[in-house]
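Chain naming here is simple, since letters A, B, ... match the order of the sequence lines and numbering starts at 1 in each.
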2 protein chains.
Amino acid sequence: MSKDSLPGLTLCNNAALRRAARKLGKFYDDVVEPSGLKATQQGLLYQIHIGDEPAMGAIAASLIMDLSALGHTLKPLIRDGYVETFADPEDRRVKRVRLTPQGLAKLEAAMKLWQIAQQRFEDVVGRDKAEKLRAALDDIAALDFDLPQATP
Amino acid sequence: MSKDSLPGLTLCNNAALRRAARKLGKFYDDVVEPSGLKATQQGLLYQIHIGDEPAMGAIAASLIMDLSALGHTLKPLIRDGYVETFADPEDRRVKRVRLTPQGLAKLEAAMKLWQIAQQRFEDVVGRDKAEKLRAALDDIAALDFDLPQATP
DNA sequence: CCCAATTAGTGGTATATGCCACTAAATCAA
DNA sequence: TTGATTTAGTGGCATATACCACTAATTGGG
């Protein structure tokens, strides 16, 4: 592999995606920051809000996130009193999650800021292009990459 | 904000991007795993490789990553002997980075696996669509989001 | 030449995220 | 019913990534 014939790093779909995520994440973070939440936290609170006291597993599945990662991410939000959990009475393995009143207030404040970031993004890239981008990203999220392994 | 009229979470460009990044990151990670590297580490070694003993700041800028984050990310690679650093003799504030021979060998092994992931991705989404996606992501990485702040 | 301002990295702290081993609860099969 | 299996979460550990305060080195005026 001679250094002179190397493809640019931009060739890697994964690297390009991560780089864009760092950039855009920082932008949304900066805009949402006055609420005291990170953009990821705002997104998580929102996901909880739109769910009907969702189980942790359901949230993790929606976000395509590891269940234990969700547990970790939830901790500061519980610590700060924005979220609370309770065992599902039907199945005590299941832990359900809901916003506290403070959590809802915090979310509403953060959503106002989020709208600014979202609007700004769409102004800059164009509403149509943004929509196409989200569709492409959702496609990726829905993909099935199964490498042909032995099917037992 | 009534729960019944809420936009789906997929409306947030940032959330969609992160979710896709988790999904794709896991795929590339899984494929590259036999090399013992994470996809992020493979990408970082590659970035170092294609640079000419790049300074940390230069790497961070290319990857649109915080300088201190880069420092942290580099540590396991240094610990494992894949990367070494040295002060730039022209400017001793600057720390340059290069691969060790073991690091180069590791990168070469990881790149073979990376190609499998990359190929599989392009087979699944289509080469053309993948290329357009990367272009869109690179556009985002290059955007200037300046919110109209006071210009002093 | 000296001091103020700028630049490059470091280390600490915090969140984001994944894996693994483990526990508890529910389910399934004999 | 009971023992094996599956399912849902937890806790520990490791990497990814950001911000901040701090240090060291360089640069730009006087």
Side-chain angles (χ1 to χ4, degrees), chain A residues 14-15 17-30 32-33 36-45 47 54-61 63-80 82-83 85-97, chain B residues 14-15 17-30 32-33 36-45 47 54-61 63-80 82-83 85-97:
Chain A
N14 186 45
L17 192 49
R18 295 189 76 89
R19 185 166 54 164
R22 284 191 294 270
K23 171 85 173 211
L24 197 60
K26 179 160 169 44
F27 171 63
Y28 275 75
D29 271 354
D30 287 347
V32 170
E33 187 273 334
L37 295 177
K38 310 297 231 53
T40 44
Q41 298 179 318
Q42 173 261 321
L44 179 50
L45 291 189
Q47 186 68 28
M56 288 189 56
I59 300 172
L63 299 180
I64 312 185
M65 165 180 298
D66 184 84
L67 176 59
S68 81
L70 173 62
H72 295 315
T73 303
L74 232 28
K75 273 185 185 146
L77 296 171
I78 294 171
R79 178 201 61 202
D80 296 341
Y82 300 143
V83 159
T85 62
F86 59 101
D88 183 323
E90 308 295 304
D91 184 340
R92 278 169 304 165
R93 287 171 307 180
V94 171
K95 197 199 260 187
R96 295 190 174 276
V97 185
Chain B
N14 187 44
L17 193 48
R18 294 188 77 88
R19 185 166 56 161
R22 284 191 293 270
K23 171 85 173 211
L24 198 59
K26 178 158 170 47
F27 172 63
Y28 275 75
D29 271 355
D30 286 349
V32 170
E33 189 273 334
L37 296 177
K38 311 296 231 54
T40 44
Q41 297 179 318
Q42 175 261 320
L44 179 51
L45 291 188
Q47 187 68 28
M56 288 189 56
I59 299 171
L63 298 181
I64 312 185
M65 164 181 300
D66 183 84
L67 177 59
S68 80
L70 173 62
H72 295 313
T73 301
L74 231 28
K75 274 186 186 146
L77 296 171
I78 294 171
R79 177 202 59 203
D80 295 341
Y82 301 143
V83 159
T85 61
F86 59 101
D88 184 323
E90 309 295 304
D91 183 341
R92 276 168 306 165
R93 287 172 306 182
V94 172
K95 197 199 257 189
R96 295 190 173 275
V97 184

_Checking Ser68(A) now: which residues fulfil side-chain hydrogen bond (donor to acceptor under 3.5 Å, both in side chains) with it, not counting sequence neighbours?_
Asp66(A)
*Apply side-chain contact (heavy atoms from CB on, under 4.5 Å) to Thr73(B) and list each qualifying residue two or more places apart in sequence or on a separate chain.*
Leu44(B)
*asked:* Which residues pass the side-chain hydrogen bond (donor to acceptor under 3.5 Å, both in side chains) test with Lys23(A), not counting sequence neighbours?
replied: none
_From the set dA16(D), dA26(C), dG18(C), return the single nucleotide nearest to any side-chain atom of Thr73(B)._
dA16(D)
_If the cut-off is 4.0 Å, is Arg92(A) near the phosphate of dA24(C), judged by side-chain N/O to OP1 or OP2?_
no
_Heavy-atom protein contacts under 4.0 Å, nucleotides 3-9 of chain C, coded B base, S sugar-phosphate only, - none_ = ----BSB
*Who pairs with Arg93(A) by side-chain hydrogen bond (donor to acceptor under 3.5 Å, both in side chains), at least two apart in sequence or on another chain?*
Asp91(A)
_Euclidean distance, atom CD of residue Glu90(A) to atom P of dA24(C) [Å, nearest integer]_ = 22 Å
*Separation of dG18(C) C1' from Leu70(A) CG (nearest whole Å)*: 13 Å
_Using whole Å, what does the distance between atom P of nucleotide dA18(D) and atom CD1 of Ile64(B) come to?_
10 Å
*Can you list the residues that meet the salt bridge (Lys or Arg N to Asp or Glu O under 4.0 Å) rule with Asp80(B), with sequence neighbours excluded?*
none
*Report the residues that fulfil salt bridge (Lys or Arg N to Asp or Glu O under 4.0 Å) with Arg22(B), sequence neighbours left out, ordered by chain and then residue number.*
none
*Looking only at non-hydrogen atoms, find the nearest pair between Phe86(A) and Val97(A) and report the distance.*
CE2-N, 4.3 Å
*asked:* Quick check: closest heavy atoms across Gly71(B) and Met56(B), and the distance to 0.1 Å?
replied: CA-CE, 3.7 Å
*Rounded to the nearest angstrom, tell me the gap between atom CG in Leu74(A) and atom P in dG18(C).*
14 Å
*Want to settle it: does Lys23(B) or Asp80(A) sit nearer the 5' end of DNA chain C, counting the closest nucleotide to each?*
Asp80(A)
Scan nucleotides 11-14 of chain D against the protein and return all N/O pairs shorter than 3.5 Å with their distances rounded to 0.1 Å.
residue : atom : partner  : partner atom : Å
dG12(D) : O6   : His72(A) : NE2          : 3.0

*Distance in angstrom units between Met65(A) CE and dT15(C) C1', rounded*: 11 Å
_If I take atom CD in residue Gln41(B) and atom P in nucleotide dT17(D), what distance separates them, rounded to the nearest angstrom?_
10 Å
*Output all residues satisfying side-chain hydrogen bond (donor to acceptor under 3.5 Å, both in side chains) with Lys26(B), sequence neighbours left out; order by chain, then residue number.*
Asp30(B)
*Phe27(A) has an atom CZ; how far is it from atom C1' of dA18(D), in whole Å?*
17 Å
*For Lys26(A) and dC19(D), what is the distance between atoms NZ and P respectively, to the nearest whole Å?*
4 Å
